[in-house]
Asker: 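Before I ask anything, let me first share the structure, which is written out below as structure tokens.
When reading the values below, keep in mind they use all heavy atoms of this one structure, side chains included, and skip hydrogens, waters and symmetry mates. Convention: sequence-line order gives letters A, B, ...; per-chain numbering from 1.
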Amino acid sequence: MKIGYYPGCSLQSSAKEYDRATRLVARHLGIQLHDINDWNCCGATAAHSMDHFLAAALPARNLIIAEEMGLDVTVPCAACYQRLRLAHRVLAENEETARDISQLIGRPYKGKVRIYSLIETIAGIGLEQLAAQVVRPLKELRVACYYGCLLVRPPGTGCDDPENPRLMDELLEAAKAETLDWGYKNECCGASLVFSERRLALHLIRNILRNAVDAGATSIACACPLCQSNLDTRQGQVNKEFGTSFAMPIFYFPQLLGLAMGLNPQDLGLGMHFVDPQRAIKAVSG
Amino acid sequence: MILLGGKSSTEPDFISAVARASGHATLLHCYQCGKCTAGCPLAFGMDHKPNQIIRLLQLGRIKQVLGSRAIWICAGCWTCTTRCPCGIDIAQVMDSLRVLARNEGETVQGKDVVSFNELFLQSVRRNGRVFEFGVFMGRNLRRRKPFLDADLGRFMLTRGKLRLTAERIKGTKEVRRLFSRQGAPVRNPKERTKE
Amino acid sequence: MPRIGVFVCWCGSNIGGVLDCPAIAQEAASFPGVVFSTEYKYVCSDPGQKLIVDAIKEHRLERVVVASCSPRLHEETFRQVLRRSGLNPYFLEMANLREHCSWVHPDTPEQAQRKAVDLVRRAAAKAARLEPLFPGKIPVVRRCLVIGGGIAGIQTALDVADAGLEVLLVEREPTIGGNMVKLDKTFPTLDCSACISTPKMVAAAQHPNIKLYTYAQVEEITGYIGNFKARIRQKARFVDHAKCTGCGTCWTKCPVSVPDDFNLGLGERGAIHIPFPQAVPNKPVIDLAHCRRSTRGKCGACAKLCPAGAIDYEQKDEFIEAEVGAIVVATGYGLFPWEKVYGEYGYGRFPDVITGLMFERMVNASGPTSGKIQRPSSGKEPRTVVFIQCVGSRDEARGKEYCSRFCCMYTAKHAHQVLEKIPGSEVYVFYIDVRTFGKGYEEFYRRVQDEGAVYIRGRVSKVYQDGSKLIVKGADTLLGEQVEIAADMVVLATGAVPAAGAADVARMIGIPQDKDGFFQEAHPKLRPVETHTGGVFLAGTCQGPKDIPDTVSQASGAAAKVCGLLLKDELETNPLVSRVNEALCTGCLACQPVCPYRAIQPVTITERLPGQPPRERVVARVNEGLCQGCGACTVACRAGAIDLKGFTNKQLLAEVDALCL
Amino acid sequence: MSVNERDVGTTTEGAAWEPKIVAFLCNWCSYAGADLAGVSRVKYPANVRIIRVPCSSRVNPQFILRAFERGADGVLVAGCHPGDCHYVTGNYFTRRRLTLFKRLLEYVGFEPERLKVRWVSASEGQRFAETVKEMVDGIKHLGPQKRIARL
């Protein structure tokens, strides 16, 4: 299977391990990822609050390029995914804006590109095929799949049911992990606020971690660099602010799939987290 | 005290600007059930709750809306939009209000947000992609807190997660052209045309 | 002593699980008069009923006691069993061992057992004293009286008349049509009220089976179901409608000018007038209180000008006596008298504060302003209109506790009309809750909001005049902020109250009113058009506030009930009624005023005692058609002359004795 | 065994005494209310014996006296709530008559607590049960009724 790959800015720096794990797992599963040529930032999370035209135009350039390459696009970052989907919709439904953008870039967009989240792309090879690749079942892992906001909302743009998404759970269940039904899987972590309203954001992070712990989770899986860095790197600040003692490893879901498929934990970037996931990983390996 | 009637304080242009960008027909439909506020993860930190923002808009209370902290606290999680029984795209209304507030220069409550976003977009404009380290440093300098989140920065650096130099794409010209058209009106796809 | 059979039912484990039914049956066998006693799993079942039938035959039973569930459930079932066996169905008495014993005393089975035996003993004691009862037959007059000629009365009259029955339709105003015909457009479809109601008015007037009396009032009702007598006063119109052609010369030339009541004072009319151009009948009446010939003794313009010579200043009220079998009350509603209560809205002092019904007349093309919405103070078009909902409704302190149901919708319609007729106008609606319960109503409310009506949740605290403006002080309770509006016109959604005179009608017919003065239906859910008085039915808003669709539905429902009653050849009466032992009656008539149905009347009888000359004396007599069997009279009778069949003094005392052994 | 037995008083002979209460219930409201108590399985003491009358206004004070004469320890008369009478005004007569009758009983030195007039609607099964409970408790406290002797 061949598909365009739009990593997005975060996966080049703060979420490098997401990029690495994605590429490794994709290769292992026979999914050929072709980077969108010379892709640009989708604008998230700044553009849509500043200018509606830019919010549509920045992702649009990437869609035009993908269309030229003759590829659909898979997007690992939830924010980029949502922005690309929304831009696709604006271009399809708003002729004036579509014309303006095409003129500025000098090339048209025909609206042929289909945009998938990475979860959908991996699920697309089939859960049985995925299960067949599992050499190290994630048996001891009680994982709370965290979808956050942008992957599933707004309805019509999201990749799964906005109130009870299940796709990630199914992937990890195929890898024999125990997934949990929990109440905060689609609650907001406040990532877009963390720079302006840190205290409010910490509140939201605390609530999510607490709910996961209460549900019996030993780890959280996510599919968004904003969610991951928020839940992972801010845990220290949460503990300090609220006097809690969370030590919840936060994985990118392809990291866990990679583990199950017997890939090297170091290559999957499992040493790059703030909260050390070693205990969870050992439980699996042991 | 809200004064209405005769020379009322409603400014139809403004309301229609919000409406145009956020689904005109339905904004008036809000019957204040409060479901948006009930599900809002950040309502606890807002001065005007999401349903009140809509209510103020219905009454044309522009100054109050643009001067509120709430529009800058909204994290854009779209929970409200997803569940609104009237089909109002509240998250999009919030976005529109932030854009309008900036156009009107009413950003006192959201200066940190606006400042961060400006740095972010500058970075995109210059490089085609966002240069995270540059944006964070820029933010700290602007806020005169050079060591804000320094612990995180150190951690990222040691994990090789922070690029110290910007990467520039080839098509920066195209991206800059896109920036040249800032402010062009974009009608929300959800908007129902009245005719 | 009659031969009594006792049948104790287990009701499966419902009774049998708590009580020892064979033991009860055994003990019952020793009660006075009991010649047969048994128990069975389900006495109400087919084999259970057969058991009774067979036992009656085999043991020549004359009275039957069934000890099972509540008589409210199966009394009729077992009466039929007796009838099938050739016994008088009223030879049955039941003991309630289930609802009143096994179900409520499962924790104290011994005490329950003793109680059950007592209850059966009571039933047997009463059974021994039961008498045969026979329902009477009364003939039915196939004619229906409908009181009130609004849309409810018209609909009922048309439906009953279409079924082939005669109808008398009595309306106190000079025209039929009621409140509905005053309305402009009707929510949510916006069809013109007059366009849909005037054809019905004409149809009612022309229907061969309907006799229409306008400007008339029912003054007295006597009699009972199937056989009422009504006395109708035809008020003098001073115009001979047989001669009048309705040409209109008189009312255009009348020199008098008084506020027009049909238009709620928004326009003027002459002393001789028709209420509105499409009135039915389309012939005038003279309002004598304002007629110059009557007040000043000179004028007579109308009489001089009338080409038909129809004016008759000497006309007198006439009375019509009619026999009817059923009565439908459709007297409608009036508006809450807000001027007496709401000082904060000006007590009616500000001309630009009007009611919803005034707005209807104003916006009506055939109304006093020809459909132009204008400020009564200046005649100018208002730019800012404020609507205040729940004026009189949902106000426990000074108004009515209830919701008047239709105001939310008519206010929405008014808002729509202002925005439609006055481009650029502003409309604000203060509401407590918006109740849009009907088909298409919520959609209409939303549409009005789309058109720009601003709804503000909160009750207006005060309206005052400030120069040419009305200042409306309210609050937006959703924001928790005070709101002040400078308005040109304020429209009050005044709630509905029973029509003036409803209490007189209730007294005249003998039907109860609820706490708010609306007529009380027999059951709020299952008998909504019937009253507790046999043969009297309700239609429309006299029973409670309702919108037009509900009114018309109820009117047709009442018509169906009337047909069901009047299409019978004769009626069976309830035999459980009071009877007077004339030999004991002293004629004091203490019983008469306690009877809620006026079923007791004095009659003079001729008494022939042996050895004495015949002598006439007055005794009380119960009209079995009217008596409903409450028994209040039996207690009032000092001589013990009145007794209630089925619940006689002897029976009740025997029951007491049986329980207090 | 049962809760009630703990509260049982004793007569002078020392045998267990349970008060006997005769209840006159109107067919439309209170009898139906007692039926509802059954349907809803609301438990109450088994001391009450019910006589069905069409309306509470059918209850002649003579019936009440007779019950007391024959040894009833209490009498309950229950009808529709004032204003809700199936027969329009019947219960107003009940109220007036029995208020007067009760005063008369009081005047001759009879414990007025032994006669209760209550309004119980068809929907008040719970209220009926509570009324009985309350009455049984009150009469247990008073002890057996002996003042009105058998004639």
Asker: Need one label for A/Ser10: side chain, backbone, both or neither, based on atoms under 4.5 Å from any heavy atom in chain B.
Answerer: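 Contact with chain B involves both backbone and side-chain atoms of A/Ser10.
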Asker: Counting only non-hydrogen atoms closer than 4.5 Å, does A/Ala57 touch chain B with its backbone (N, CA, C, O), its side chain (CB onward), both, or neither?
Answerer: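 It is both, since atoms from each part get that close.
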Asker: When heavy-atom pairs shorter than 4.5 Å are enumerated against chain B, which of A/Lys16, A/Glu187, A/Glu163 gives the highest number?
Answerer: A/Glu163
Asker: So for B/Ser123, is it side chain, backbone, both, or neither that comes closer than 4.5 Å to the heavy atoms of chain A?
Answerer: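 Neither part, no heavy atoms under 4.5 Å.
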Asker: Checking A/Tyr5 against A/Leu11 for the side-chain contact (heavy atoms from CB on, under 4.5 Å) test, could you report, in this order, the C-alpha distance in whole Å, the side-chain angles of both residues, the deciding distance, and whether it holds?
Answerer: CA-CA 12 Å; A/Tyr5 180 56; A/Leu11 273 78; 3.6 Å; yes
Asker: Sub-3.5 Å donor-acceptor pair from the side chain of A/Tyr146 to the main-chain atoms of A/Cys189, do we have one?
Answerer: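 Between the backbone of A/Cys189 and the side chain of A/Tyr146 there is a qualifying donor-acceptor contact (under 3.5 Å).
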Asker: Salt bridge (Lys or Arg N to Asp or Glu O under 4.0 Å) with B/Arg159: which residues, sequence neighbours excluded?
Answerer: none
Asker: Just by modelled atom types, is the B/Cys80 backbone N or O under 3.5 Å from a matching donor or acceptor in the A/Arg153 side chain?
Answerer: no
Asker: Taking A/Arg23 first and then A/Asp19, would you say they form a salt bridge - that is, a charged N and a carboxylate O separated by under 4.0 Å?
Answerer: yes
Asker: Could you tell me whether the side chains of B/Gln58 and B/Arg55 share a donor-acceptor contact shorter than 3.5 Å?
Answerer: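 Indeed, the side chains of B/Gln58 and B/Arg55 share at least one donor-acceptor pair under 3.5 Å.
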Asker: Heavy-atom distances under 4.5 Å only: say whether A/Gln12 touches chain B with side chain, backbone, both or neither.
Answerer: both
Asker: With under 30° as parallel and over 60° as perpendicular, where do the rings of B/Phe116 and B/Phe120 fit, or are they tilted in between?
Answerer: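 Tilted, since the angle between the ring planes falls between 30° and 60°.
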Asker: Looking at A/Asp51, A/Asn37, A/Asp38, A/Leu54, which one has more heavy-atom pairs under 4.5 Å with chain B than the rest?
Answerer: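 Max contact count across the listed options: A/Asp38.
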Asker: Would you mind listing every salt bridge (charged side-chain N to carboxylate O under 4.0 Å, His left out) that reaches into residues 44-54 of chain B, with sequence neighbours excluded?
Answerer: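 Non-adjacent pairs meeting salt bridge (charged side-chain N to carboxylate O under 4.0 Å, His left out): zero.
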Asker: Tell me which of these, B/Glu132, B/Arg102, B/Met156, has more heavy-atom pairs under 4.5 Å with chain A than the rest.
Answerer: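 Ranked by contacts with chain A, first place is B/Glu132.
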Asker: Does any heavy atom of chain A fall under 4.5 Å from the side chain of B/Arg69, the backbone, both, or neither of them?
Answerer: side chain
Asker: Quick check on A/Ile105 against chain B: is it the side chain, the backbone, both or neither that has a heavy atom closer than 4.5 Å?
Answerer: both
Asker: Looking at B/Leu152, B/Thr172, B/Val124, B/Asp151, which has the largest count of heavy-atom pairs under 4.5 Å with chain A?
Answerer: B/Leu152
Asker: Counting heavy-atom pairs under 4.5 Å with chain A, which one of B/Arg139, B/Lys111, B/Glu118 comes out on top?
Answerer: B/Arg139
Asker: When rounded to the nearest 0.5 angstrom, what is the spacing between CD1 in A/Ile205 and CG in A/Leu231?
Answerer: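 Those atoms lie 6.5 Å apart.
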Asker: Closer than 3.5 angstrom, by distance alone: can the side chain of B/Gln32 be matched with the main-chain N or O of B/Asn51 as a donor-acceptor pair?
Answerer: yes
Asker: Short question: side chain of A/Gln237, backbone of A/Arg234 - any donor-acceptor pair under 3.5 Å?
Answerer: no
Asker: Run through B/Lys145, B/Arg143, B/Arg142 and flag the one making a salt bridge (charged side-chain N to carboxylate O under 4.0 Å, His left out) with B/Asp112.
Answerer: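 Option passing the salt bridge (charged side-chain N to carboxylate O under 4.0 Å, His left out) with B/Asp112: B/Arg143.
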Asker: Under 4.5 Å, counting heavy-atom pairs only, tell me which of A/Cys188, A/Ser49, A/Pro155 racks up the most with chain B.
Answerer: A/Ser49
Asker: For the residue pair A/Tyr81 and A/Tyr6, is the inter-centroid distance of their aromatic rings smaller than 6.0 Å?
Answerer: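 No, the ring of A/Tyr81 stays outside the 6.0 Å limit from the ring of A/Tyr6, centre to centre.
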Asker: Checking the side chain of B/Arg176 only, and the main-chain atoms of B/Arg125 only, is there a donor and an acceptor separated by less than 3.5 Å?
Answerer: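 Checked: pair present.
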Asker: Which atoms of A/Pro162 are under 4.5 Å from chain B, going by heavy atoms: the side chain, the backbone, both sets, or neither?
Answerer: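 For A/Pro162, the side chain is the part near chain B, not the backbone.
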Asker: Please classify the contact between A/Ala98 and chain B as side chain, backbone, both or neither, with a heavy-atom cut-off of under 4.5 Å.
Answerer: neither
Asker: Do A/Phe242 and A/Leu209 have side chains that approach each other closer than 4.5 Å (heavy atoms only, starting at C-beta)?
Answerer: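 No, every pair of side-chain atoms sits at 4.5 Å or beyond.
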Asker: Taking every heavy-atom pair that is under 4.5 Å apart, which of B/Cys74, B/Ala101, B/Pro41 has the most such pairs with chain A?
Answerer: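 Counting heavy-atom pairs under 4.5 Å, the top option is B/Pro41.
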Asker: Heavy-atom pairs under 4.5 Å with chain A - which of B/Glu167, B/Arg181, B/Lys170 has more of them than the others?
Answerer: B/Arg181
Asker: Name the region of A/Ile65, side chain, backbone, both or neither, that has any atom closer than 4.5 Å to a heavy atom of chain B.
Answerer: neither
Asker: Counting only non-hydrogen atoms closer than 4.5 Å, does B/Phe131 touch chain A with its backbone (N, CA, C, O), its side chain (CB onward), both, or neither?
Answerer: neither
Asker: For chain A, find which of B/Phe179, B/Phe44, B/Trp72, B/Phe155 contributes the most heavy-atom pairs closer than 4.5 angstrom.
Answerer: B/Phe155
Asker: For the side chain of A/Asp160 and the backbone of A/Leu167, is there at least one donor-acceptor N/O pair under 3.5 Å apart?
Answerer: yes
Asker: Tell me the residues of residues 196-203 of chain A whose non-hydrogen atoms fall below 4.5 Å from those of chain B, in number order.
Answerer: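 So far as heavy atoms go, A/Ser196, A/Glu197, A/Arg198, A/Leu200, A/His203 are the residues that approach chain B to under 4.5 Å.
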Asker: Please flag which part of A/Ser192 lies under 4.5 Å from any non-hydrogen atom of chain B: side chain, backbone, both or neither.
Answerer: side chain
Asker: Sub-4.5 Å heavy-atom contacts with chain B: which residues of residues 267-276 of chain A show up?
Answerer: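 Against chain B, the residues of residues 267-276 of chain A that fall inside the cut-off (heavy atoms, under 4.5 Å) are A/Gly271, A/Met272, A/His273, A/Phe274.
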Asker: Mind ranking A/Val152, A/Asp100, A/Asn186 by heavy-atom pairs under 4.5 Å with chain B and telling me who comes out on top?
Answerer: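 Most pairs with chain B among the choices: A/Asp100.
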Asker: So do B/Glu174 and A/Arg107 actually touch side chain to side chain, heavy atoms under 4.5 Å?
Answerer: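 They are in contact (side-chain heavy atoms under 4.5 Å apart), so the answer is yes.
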Asker: Scan side-chain atoms only and decide if A/Asn164 and A/Lys185 contain a donor-acceptor pair under the 3.5 Å cut-off.
Answerer: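 Yes, because at least one side-chain N or O of A/Asn164 sits under 3.5 Å from a partner of the opposite role on A/Lys185.
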Asker: Side chain, backbone, both or neither: which part of B/Ile73 has a heavy atom under 4.5 Å from chain A?
Answerer: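 Both the backbone and the side chain of B/Ile73 come within 4.5 Å of chain A.
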Asker: For the side chain of A/Glu67 and the backbone of A/Gly111, is there at least one donor-acceptor N/O pair under 3.5 Å apart?
Answerer: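 Indeed, once roles are kept as given, a pair shorter than 3.5 Å links the two residues.
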Asker: Rounded to the nearest 0.5 Å, what separation is found between the NE2 atom of B/His29 and the CD1 atom of B/Ile54?
Answerer: 13.5 Å
